[in-house]
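Since this is a predicted model, take the numbers as computed values, not measurements.
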Amino acid sequence: MSDLDIRHATLSDIDAVLRFWRQAAEGTSITDDHDGVARLISRDPEALILAERDGLIAGTVIAGFDGWRCSAYRLAVHPDRRRQGVATALLEAAEQRFLALGGRRVDAMVLESNERAHHTWGAAGYHREDRWRRWVKSL
């Protein structure tokens, strides 16, 4: 997509990203606040990837790598930009980052109830792994 700009988020993008997630992302996270996103960007400046069109955020993905696992979070596309290749471009950028870091497999966090996301991830070559479950504890 020649009119789609892919770049890493900076600290100055935080408020716009949070507004975008409220409009485009399914569900919320305990870290969906200024401090949480600032920590992410400060710790790993290349993890939060933005897709922009006409200077506005069209989509996001967090491509986290801890040295062991590649993890994809917050794949979100603006409702008016869906089915235009934004998610595909973001996932390609995330996968290129993972390959450059030596990653071998991507784990994606996808809400069970988000059927639209299941189709998106499946179309990108991902499959559901039913033998594992996520266990969480808020701190």
Side-chain angles (χ1 to χ4, degrees):
M1 305 202 99
S2 60
D3 65 336
L4 194 63
D5 295 313
I6 304 293
R7 68 176 181 85
H8 304 288
T10 65
L11 293 173
S12 65
D13 293 312
I14 294 173
D15 291 333
V17 167
L18 290 170
R19 281 191 303 275
F20 175 80
W21 284 343
R22 282 191 295 272
Q23 183 176 26
E26 291 287 329
T28 58
S29 168
I30 195 169
T31 52
D32 285 358
D33 58 28
H34 194 278
D35 290 343
V37 179
R39 272 191 302 279
L40 170 67
I41 293 170
S42 296
R43 182 184 176 283
D44 187 350
E46 296 181 357
L48 178 50
I49 302 171
L50 306 181
E52 294 181 324
R53 184 173 284 148
D54 300 324
L56 299 174
I57 299 174
T60 66
V61 69
I62 297 173
F65 183 65
D66 63 8
W68 181 260
R69 289 191 176 93
C70 305
S71 300
Y73 306 92
R74 276 297 189 222
L75 176 63
V77 176
H78 189 280
D80 295 340
R81 301 292 186 202
R82 292 182 180 152
R83 304 199 52 79
Q84 297 175 23
V86 176
T88 299
L90 285 165
L91 288 176
E92 287 174 2
E95 291 168 6
Q96 288 303 309
R97 177 184 194 311
F98 294 144
L99 286 169
L101 292 169
R104 298 180 183 180
R105 183 186 76 190
V106 181
D107 292 330
M109 298 302 300
V110 183
L111 288 171
E112 283 291 318
S113 62
N114 191 346
E115 294 290 330
R116 182 177 30 235
H118 299 176
H119 173 75
T120 300
W121 286 100
Y126 291 76
H127 66 277
R128 181 182 166 136
E129 174 96 28
D130 285 327
R131 51 189 193 127
W132 301 101
R133 287 288 181 247
R134 180 177 180 207
W135 291 40
V136 300
K137 176 183 176 182
S138 296
L139 299 176

Distance-only check: which donor-acceptor pairs under 3.5 Å involve side-chain atoms of residues 15-23, not counting sequence neighbours?
residue : atom : partner : partner atom : Å
Trp21   : NE1  : Thr60   : OG1          : 2.9
Gln23   : OE1  : His78   : NE2          : 3.4
Gln23   : NE2  : His78   : NE2          : 3.3

**OP:** Rounded to the nearest 0.5 Å, what's the gap from CG on Leu4 to CG on Asp54? Could you check?
**Re:** 10.0 Å

Original post:
By side-chain contact (heavy atoms from CB on, under 4.5 Å), which residues pair with Ser29, not counting sequence neighbours?
Top reply: Thr31, Asp32, Arg74

**OP:** To the nearest 0.5 Å, tell me how far Leu91 CG sits from Thr120 OG1.
**Re:** 8.5 Å

Original post:
Just wondering, do His127 and Glu129 contact through their side chains at under 4.5 Å, heavy atoms?
Top reply: yes

Subject >> Residues His8, Ile49; criterion side chain to side chain contact (heavy atoms under 4.5 Å, CB included); working and verdict >> reply: CA-CA 5 Å; His8 304 288; Ile49 302 171; 4.1 Å; yes

**OP:** Measure the CD1-CG distance between Ile62 and Leu90 for me, rounded to the nearest 0.5 Å.
**Re:** 11.5 Å

**OP:** Only counting residues at least two apart or in another chain, list the ones meeting side-chain contact (heavy atoms from CB on, under 4.5 Å) with Asp107.
**Re:** Arg69, Arg105

Original post:
Taking all non-hydrogen atoms of both residues, which atom of Leu11 and which atom of Ser42 are closest, and how far apart?
Top reply: CD2-OG, 3.9 Å

**OP:** Find the distance between CD1 (Ile41) and OG1 (Thr10) and round it off to the nearest 0.5 Å.
**Re:** 6.5 Å

Subject >> Non-hydrogen atoms of Cys70 and Gly103 that approach each other most closely >> reply: SG-CA, 3.4 Å

Original post:
In Å, rounded to the nearest 0.5 Å, how long is the span from CD of Glu46 to CZ of Phe65?
Top reply: 13.0 Å

Original post:
Quick one: do Ile57 and Val86 end up in the same hydrophobic cluster if we chain Ile, Leu, Val, Met, Phe, Trp and Tyr together by side-chain heavy atoms under 4.5 Å apart?
Top reply: no

Subject >> Rounded distance (nearest 0.5 Å) linking atom CD1 of Ile14 with atom CZ of Arg39 >> reply: 10.0 Å

Original post:
Ion pair present between Asp5 and Arg7, side-chain N to carboxylate O less than 4.0 angstrom?
Top reply: no

**OP:** Give the minimum heavy-atom separation between Ile6 and Ala51, together with the two atoms involved.
**Re:** CD1-CB, 3.6 Å

Original post:
If every non-hydrogen atom of Phe98 is compared with every non-hydrogen atom of Ser71, which pair is closest and at what distance?
Top reply: CZ-O, 3.6 Å

